[in-house]
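Lettering of chains follows the sequences in order, A, B, ..., and the numbering in each one begins at 1.
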Amino acid sequence: MENTSPAAAAPTRSLAMPLRATPKDDAEPVPTLIDVRNLDFYYGAKQALFDINIEIPDRRVTAFIGPSGCGKSTLLRCLNRMNDLIDGTAVKRGAIKIRDIDIYGPSVDPIELRKRVGMVFQKSNPFPKSIYENIIYGLRIQGVKSKTKLDEVVEKSLRGAALWDEVKDRLHESGLGLSGGQQQRLCIARTIAVEPEVILMDEPCSALDPIATAKVEELIHELKKQFTIIIVTHSMQQAARCSDRTAFFYMGKLIEFDATHNIFMNPKNPQTEAYVSGRFG
Amino acid sequence: MPPESTETSVVDSTATSFRIQKERTQFLGLTWDECIQWFFGGNALVAVIILGLITFFLFREGSSFFGQNRDNITIYRLAGLEYVDLGRQQEKDHAALSRYLADVRLRTHQYYTVQVGLPAKEASARLKEFDLYAERFARASASIREQLSELSELATDIKARHLENQNLAEKRRQLLAAGKKDEAAAVEILPIDFPVEVAVITSTLPAYAEASASFSKSLEELVAAPPALPDPELSARLGRFQELTRAFIASFPETLASMQSWDATVPVPLSQSFSAFIFGRQWLTASFWQDWYGAMPLIAGSMLVSLIALVLAVPLGVGAAIYVNQLASPVEQRVIKPAIEFISAIPSVVLGFFGIAVLGEFLRIASGWSFLSWVPGFPFAERLNALTAGCLLGLIAVPTIFTLAEDAINNVPRAFKEASYALGASRLQTIIRIIVPASLSGIVSAILLGLGRVIGETMVVLLCAGNRIAIPDFTAGLGVVTQPVHTMTGIIAQEMGEVEPGGIHYRALFVVGLLLFFIALILNYFAQKIVRKYKVSIG
Ligand SMILES: Nc1ncnc2c1ncn2[C@@H]1O[C@H](COP(=O)(O)OP(=O)(O)OP(=O)(O)O)[C@@H](O)[C@H]1O
Ligand SMILES: [Mg+2]
């Protein structure tokens with residue numbers, strides 16, 4: 001595969017780099033972008049998150065790991081208030097601050113919030129529209145009309161998502177005609193087209209084959225230069241490969257949060273140790 | 001234990017515990033599974049066979065209509081009725097012009113009494129000159145009218161004798177069939193020599209031409225000297241009248257030419273029987289002159305009523321579907337859905353009754369309110385019209401459209417919606433840009449099926465549409481909706497009970513039924529096709 005996209009420029013980096021890169025990251029202090037304090041979250045009467053405290057660093061990749069049902073997706077969806085769409089959900093205690101603004105504050109418009117905090121879903125979900133229309137959806141709803149601007153954004157976003165060379169000749173064909181991996185990158189391109197600060201990814205590779213997964217992981221490496229990324233994953237390798245920090249959740253509680261190599265090499269909590277070594281989960 | 005013995009004991013225990021054969025209960029040599037399969041398969045087969053029988057029956061009953069209608073038109077020609085109608089058309093056109101004059105007179109009278117403020121008597125006095133003029137105009141056609149009425153008598157006489165002969169022939173056939181040969185021979189049929197008889201009618205053409213010439217001359221004189229009117233608007237109307245009359249006079253030579261070239265012996269092609277049905281503008285039965293079976297007024301009536309119904313039902317049904325599926329709280333959902341679906345449980349005769357007693361009356365009264373006078377067609381006098389029927393039909397279509405559209409919207413994957421929200425779209429933007437387009441084919445097919453429901457509905461239109469068999473006057477613009485109409489379903493329900501089985505009228509009603517059947521078939525076909533396409537693209 002020969003192309004000039006940024007992700008493909010360093011194709012060999014994907015598997016080996018992260019573990020090497022992480023200690024360097026730790027050397028310098030990183031500013032916090034998202035600050036979650038004492039968060040209690042409920043689905044109706046059922047409490048799903050218990051007293052979560054976590055500081056997500058700016059322009060780094062943070063991985064959320066933990067057994068199924070431990071609340072990873074729930075916390076992720078709290079960060080862009082997607083949980084608002086579910087009836088009966090409530091943040092009963094605590095606060096989430098992004099750049100020191102409480103996103104559950106009364107003056108915050110969730111729609112504006114979601115433009116700043118984008119999301120990529122587990123199952124790729126391009127709209128039943130053309131590739132082009134998929135990318136510019138976020139801009140269209142913001143009322144952008146200029147064709148040159150839209151064209152520009154489409155190319156930039158697709159290049160950013162390492163998809164440009166594969167689809168540049170079929171921009172006006174349906175997004176549903178792409179392969180699963182391409183669809184997922186299309187969804188990422190669609191998300192970065194609105195230029196958010198944070199990209200939330202909920203198991204973005206769980207439906208992809210290893211090659212497509214590797215491509216998305218390469219992409220995450222590129223994207224973290226510009227975006228703060230939080231990725232939920234069930235794959236220890238993936239967390240180890242592409243994240244700088246890792247948070248381990250269990251039964252709705254944050255058990256341990258540290259630099260990724262610490263979580264995997266010498267976890268402080270025995271539960272974390274048991275989980276990352278595959279002894280339970 | 002030695003290994004071999006372990007081996008055998010394992011095999012043995014498997015042989016005893018792994019029993020998969022079982023004695024099955026049998027019924028008439030079939031297992032229960034097969035019985036059930038046969039039962040459901042049989043039911044499905046019965047449904048298909050019944051559909052086939054219905055189609056076959058409709059075709060059998062309807063198909064001979066076209067032959068009969070051709071005979072019907074043939075005798076119209078043979079007996080000279082067609083020839084006389086050429087002249088009668090002139091008479092009718094002239095009568096229409098007279099009505100136009102009468103309308104101008106009424107307006108002038110109103111002008112005098114309302115605008116000028118004269119008492120009614122004085123106004124009538126001032127119209128004396130106009131009245132004289134109108135009378136002279138009306139009298140101008142006296143001589144052709146006289147001739148035509150004589151010709152009409154001749155022609156109807158020929159036709160009556162022909163029909164009588166047909167009856168006698170039928171009687172003879174029946175007697176022969178019953179084996180009564182002598183009695184059959186005693187039935188006397190006087191054959192009609194059509195060319196000779198019709199020649200009596202056509203031989204009057206020179207006299208008719210003369211009368212028509214003097215008619216045209218007197219009209220020309222009248223047109224040249226119209227009475228003076230007090231108002232420019234009224235004068236303009238009179239100007240229009242002059243224009244129309246001149247056009248009428250100009251058509252005289254053409255009429256004479258077509259009378260001249262008319263030939264009773266030209267055979268009527270079968271295609272004319274078809275086109276006279278599909279495009280015929282008159283549905284006229286049991287007439288002393290000539291019966292016409294033109295479905296156009298019925299088709300137009302059905303279309304008009306259905307269109308009104310859809311204009312009301314589509315926004316209501318689709319809007320409610322979007323609301324219930326996307327915006328309503330669970331409590332609202334629990335109330336609205338059954339409420340709308342309940343509408344379809346109301347018997348349509350009850351709705352029709354409601355339409356006559358409440359809705360029709362209310363619309364008529366409302367049309368008289370002065371602040372609504374800008375609405376085209378308002379005010380109107382008929383309580384029963386296309387609008388009343390259309391409103392009720394719309395109500396009937398709402399549950400169909402609502403239920404199917406809600407289904408389609410519900411089938412839009414949740415993931416699309418979430419993706420849209422995650423990109424910063426509002427609820428409205430998500431609905432308009434994602435949900436509706438993604439479910440559009442489902443919504444369209446819901447609308448098609450709603451239309452099918454509306455076109456096939458009978459009771460409401462029979463009770464509320466006004467049942468006037470005429471093509472609604474579409475020149476009235478939107479006001480056309482306030483005119484009474486008749487529909488394809490309504491005419492069948494109304495007339496089927498009174499017609500003689502096997503007669504042409506009976507067959508004509510069957511062909512209307514066939515037409516309805518095909519419309520429903522086509523609508524359903526497209527609805528299903530669209531739905532299938534939609535399933536492929538989304539699922
Ligand atoms: N819509 C909902 N309504 C009620 N409870 C929910 C809802 N969604 C999730 N939960 C509950 O909240 C808890 C956390 O769920 P969450 O989806 O966050 O887990 P997760 O860590 O993402 O799991 P997985 O790895 O399987 O995706 C679970 O116990 C789950 O049953
Ligand atoms: Mg999850």
Side-chain angles (χ1 to χ4, degrees), chain A residues 73 76-77 79-88 109-130 133-143 157 174-177 183-184 186-196 198-202 207, chain B residues 318 322-337 405-446 529-539:
Chain A
S73 300
L76 202 68
R77 293 164 61 92
L79 300 180
N80 65 347
R81 291 185 60 174
M82 281 298 275
N83 284 329
D84 289 13
L85 303 177
I86 301 170
D87 286 323
D109 180 358
I111 290 170
E112 290 306 314
L113 171 70
R114 290 184 202 124
K115 287 177 191 162
R116 312 303 312 140
V117 184
M119 185 160 199
V120 176
F121 297 83
Q122 173 173 6
K123 193 171 169 299
S124 61
N125 53 359
F127 300 124
K129 296 174 185 275
S130 69
E133 284 293 330
N134 261 286
I135 304 285
I136 62 170
Y137 181 77
L139 297 181
R140 274 228 196 277
I141 57 178
Q142 289 174 27
S157 311
S174 170
L176 296 172
Q183 286 191 13
Q184 194 60 294
L186 174 61
C187 292
I188 294 173
R190 180 175 70 182
T191 305
I192 60 184
V194 288
E195 299 188 327
V198 184
I199 301 177
L200 309 173
M201 298 186 176
D202 195 348
Chain B
V318 176
I322 291 173
Y323 182 79
V324 165
N325 194 275
Q326 296 292 318
L327 305 170
S329 69
V331 178
E332 284 174 312
Q333 280 188 356
R334 244 173 294 146
V335 175
I336 297 174
K337 254 174 109 161
E406 210 254 344
D407 242 29
I409 293 167
N410 205 29
N411 278 337
V412 175
R414 210 189 137 71
F416 290 167
K417 196 171 142 182
E418 291 210 320
S420 171
Y421 282 122
L423 287 166
S426 67
R427 230 156 42 155
L428 199 63
Q429 286 170 328
T430 304
I431 289 171
I432 294 173
R433 288 174 182 268
I434 300 296
I435 310 266
V436 172
S439 56
L440 194 61
S441 43
I443 292 175
V444 170
S445 73
K529 205 171 143 162
I530 291 171
V531 165
R532 215 170 300 135
K533 199 176 127 217
Y534 146 88
K535 286 231 167 86
V536 170
S537 72
I538 300 288

Item to complete: Using a 4.5 Å cut-off on heavy atoms from C-beta on, say whether the side chain of P110(A) contacts that of Y421(B).
Response: no

Item to complete: State whether R433(B) and E133(A) are salt-bridged, where the test is any N-O pair (Lys NZ or Arg NE/NH1/NH2 against Asp/Glu carboxylate O) under 4.0 Å.
Response: no

Discussion item. Do R114(A) and L423(B) make a side-chain contact, defined as non-hydrogen atoms from C-beta onward lying under 4.5 Å apart?
Written reply: no

Practice prompt. Output the distance between atom CZ (R140(A)) and atom CD (Q429(B)), rounded to the nearest 0.5 Å.
Written response: 12.5 Å

Worksheet item: Looking at S426(B), P437(B), A419(B), which has the largest count of heavy-atom pairs under 4.5 Å with chain A?
Response: A419(B)

Worksheet item: Side chain, backbone, both or neither: which part of V120(A) has a heavy atom under 4.5 Å from chain B?
Response: neither

Worksheet item: Rounded to the nearest 0.5 Å, how far apart are CG of D87(A) and OG of S329(B)?
Response: 8.5 Å

Fill in: K123(A) versus chain B, the contacting section by heavy-atom distance below 4.5 Å
neither

Discussion item. Just verifying a value: how many Å separate F121(A) CZ and R414(B) CZ, rounded to the nearest 0.5 Å?
Written reply: 9.5 Å

Fill in: Interchain contact, R190(A) with chain B, by part (heavy-atom threshold 4.5 Å)
both

Item to complete: Look at the side chain of N125(A) and the backbone N and O of F416(B), then say whether any donor-acceptor pair between them is shorter than 3.5 Å.
Response: no

Practice prompt. Starting at CZ of R427(B), measure out to CG of L85(A) and round the result to the nearest 0.5 Å.
Written response: 9.0 Å

